[in-house]
Structures are given as structure tokens and as C-alpha cells.
Amino acid sequence: MSAPILVVEDLTAVYPAPAGFWLRRRRPDLVALDGVGFALERGATLGVVGESGSGKSTLARALLGLGPAAVSGKVYWRGENLRALPPEVQRERRQQMQLVFQDPLGSLNPRLTAGEIVAEPLRTFHPRMARVQIAERVRGMLKLVGLDPNHLNRYPHEFSVGQCQRLGIARALVLNPRLLICDEPVSALDVSIQAQIIHLLKDLQAKMQLTIVFIAHDLGILRQVSDQVLVLYLGRVMESGDRQSIYQAPRHPYTRALLNAVPWPDPERERRRVREPYGELPSAHELPAGCLFHPRCPFAIDRCRQEKPSLRPWRDGRTACHRSEELALGSQTALPADKTG
Ligand code: SF4
């Protein structure tokens, strides 16, 4: 096993509350990430999953040092604690980390041509690079992501949504980064286009030896791309581990709920399937006491309502659940919830 290229420790991100009062109280700050940590090997893919509001996009922004949340914790990139470096060194290091956005069309400037969009990072970070060299690099990137280099004078609206996402990937890769953070890059795409973009990313990962953080709200998509999986709920890590453990023997009830939500490929079976109800996500402004998942958890007992479970190691992963050992051993029906609370 090689040394991790990216190590994150105790990453916390807080959005300050807007000024003013709410129910006669000062609005509380919103803790979007709380003590998140993981380690990722060079060339591997970490899948980050959770519902809307779980802190996935905040994590992407915090890794890249982008606001507006106030961030604390450590991000070690190739052994250096990025957040402790002088700002100009951080900026230089972060060229090695690039972002692919969720909304392919919305993330591209409609007034720039495809060529100008892909060239923009080069012009920003390498202002002395010759025009000929930039043009050559842009044409090469378009070809690499499966776009016709002769279309570099087209505007974003002249491309399909899938082609726009390829353009976004070309823009992210033009600086030859080592880490690609993909923030729900396929959620806005049709299933067939999703498969093409995932195939493209895996192909580029192999060619360019990229390390990838791939964010999704669907464990079905992550199964195709991840080596490791990190499950986030209301900004906290509920479970993490290698792909096989997460999909074959999930220990945390929230991971089970996410797996339960993955649609089956057979439409007939999917139609007849009975889904367990898990209720609504609580407000991030009024977090439950004890385990954050207890209001939705079918296995909650009194202890869960009072005591916050710590994130504990198991096999090669970690889980934050008081009943994880029992859940790993027994079937769901063998673990009745405590009905006294
Ligand atoms: Fe459910 Fe309790 Fe585990 Fe939380 S700690 S996930 S409420 S069983």
C-alpha cells in the first residue's frame, strides 16, 4: 500500500448565521462539516455520498480552500499541510487540485467560446505562455475528452449537456492536476450520458494517474467509480470503508438506507419493491441530540437519543453507530428498535 497523497483531519466548516433573530433567539451558525477525516491513496477514487444538506459540496470547496464557510482542520496534500502554507504557496499547490461542477451548462461562461473556456486557467496561472502553445494545449485537451478540436470557436449553448460536461472536464484538466474533485458531475445527465462521462473519467484517471474525489447522492453511481466510500450525514461521517465492505456489509443504518434507495435495474422488480420509510432530513439549524440519525433510524434505542456515537474503527473502515457490531452480525429484523423512547 502506498502512502496517501491526500489526508484530511478534523475538517470543520461553519457558515456564520445571518444577522437578526429567529424565534426571539439569535440564529445559530450552521455547522456544515464537523470533524471530517479520511486518507486517499494516489490514483484511487474516494466516493463521497449523502443526501442534499449532508455537506458534500462544502467538503469539495473546503478541500480547495474556497469560501464562504469558515474552515478549520488539516488538509495534507503530498505531506504538506496546505492550510498552514503562505497564501501564494497554497495557490500554487492548489493548481494540482481542480473541480468539475455539477451543472455542466451553468458552470460555463456563455460569452466565452469552448477554446476560451479551456484556455482560461492557462491564461490565469501561466500568463507568459505563448498563444501558439495555449492553442495547441486546448486542441489537445478537447481531443482528449472526446470533443472535436475544430469546434473550439463554438459557444456552450451550441453543445449538448454531455458535451458541456466534457468541456468542463477539459477545463479542469488543462493545468494537468493530480487531484480531480468531481462534485456530482453526472447528476444532471441522462443515464446513457452518465455512463459515458463515468467511462471518460475512469479512462482519464488511468491515462493521467489522477486521484479523484467523486461526490454523488446515489450509492448506485459510486459503486461504478469508487475504491473507498465516505458516507456523510448532516456534515458528519457516519461510515467509511472500502467499496466491498460498504456495499456487501454496511454497518451503519444510514448507509443501509442509502443502499435501499438505489433503484434496481429491472423496472418490473423496481415497481414491486417495498421501500423502508426513513423520514425527512432534520433541519441543520436544529440538530437532534445523541445520534444525529436517531429520529429516522429503525434501530434507535434510548442510548442513541442521549449519547453521540463516536467514529470507531472496524475492519479497514470506521463507523459511528452504537449498534454497529449487532448490525454486522444480525439481520435487520433481528434488531428491533427500542419502542420505549
Ligand atoms: Fe441508529 Fe442508534 Fe446507530 Fe444512530 S447509533 S444509527 S440511532 S442504532
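In listed order, ligands and their atoms are each counted from 1.
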(message) At less than 2.8 Å, would any N/O/S atom of C304, backbone or side chain, sit next to atom 2 (Fe) of ligand 1?
(response)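 Checking atom 2 (Fe) of ligand 1 against C304, an N, O or S atom does fall under 2.8 Å.
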(message) Main chain of L82, side chain of Q90: is a donor-acceptor contact present, judged purely on distance under 3.5 Å?
(response)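 Yes, the answer is positive, given that a donor and an acceptor are paired below the 3.5 Å cut-off.
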(request) Taking Q194 for its side chain and V186 for its backbone only, find out whether a donor-acceptor pair lies under 3.5 Å. (result)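 Confirmed, Q194 side chain pairs with V186 backbone.
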(request) May I ask you to test the R166-Q196 pair for a side-chain heavy-atom distance under 4.5 Å? (result)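 Yes - at least one pair of side-chain heavy atoms lies under 4.5 Å apart.
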(message) Given M141, which partner from the list L122, L147, V174 fulfils the side chain to side chain contact (heavy atoms under 4.5 Å, CB included) test?
(response)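 Single pass found, and it is V174.
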(message) Give me the nearest non-hydrogen protein atom to atom 5 (S) of ligand 1 as residue plus atom name, then the distance to 0.1 Å.
(response)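 Its nearest protein heavy-atom neighbour is H322 N, 3.2 Å.
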(message) Starting from atom 3 (Fe) of ligand 1, what is the nearest protein heavy atom, named by residue and atom, and what distance separates them?
(response)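 Looking only at protein heavy atoms, the one closest to atom 3 (Fe) of ligand 1 is C321 SG, 2.3 Å.
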(request) Kindly confirm whether atom 3 (Fe) of ligand 1 is within less than 2.8 Å of some N/O/S atom in C291? (result)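 Checking atom 3 (Fe) of ligand 1 against C291, no N, O or S atom falls under 2.8 Å.
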(request) For the residue pair H157 and Y155, categorise the inter-ring angle as parallel (less than 30°), tilted (30 to 60°) or perpendicular (more than 60°). (result)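 Taking Y155 first and then H157, their aromatic rings lie parallel (interplane angle under 30°).
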(message) Counting only heavy atoms closer than 4.0 Å, does ligand 1 sit against the backbone of R303, its side chain, both, or neither?
(response)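 Contact part for R303 vs ligand 1: neither.
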Hey, which atoms in ligand 1 end up nearer than 4.0 Å to a heavy atom of [X]?
X    : result
H252 : 6 (S)
R323 : 8 (S)
P253 : 1 (Fe), 6 (S)

(message) Using every non-hydrogen atom in the two residues, find where V36 and L232 come nearest and quote the distance to one decimal.
(response)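 Minimum heavy-atom separation between V36 and L232: CG2-CD2, 4.0 Å.
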(request) Assess C297: does it contribute an N, O or S atom lying under 2.8 Å from atom 1 (Fe) of ligand 1? (result)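 So C297 does bind atom 1 (Fe) of ligand 1 by this criterion.
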(message) Check this for me: does any side-chain nitrogen of one of R312 and E325 sit under 4.0 Å from a carboxylate oxygen of the other?
(response)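 Judged by the 4.0 Å cut-off on N to carboxylate O distance, R312 and E325 do form a salt bridge.
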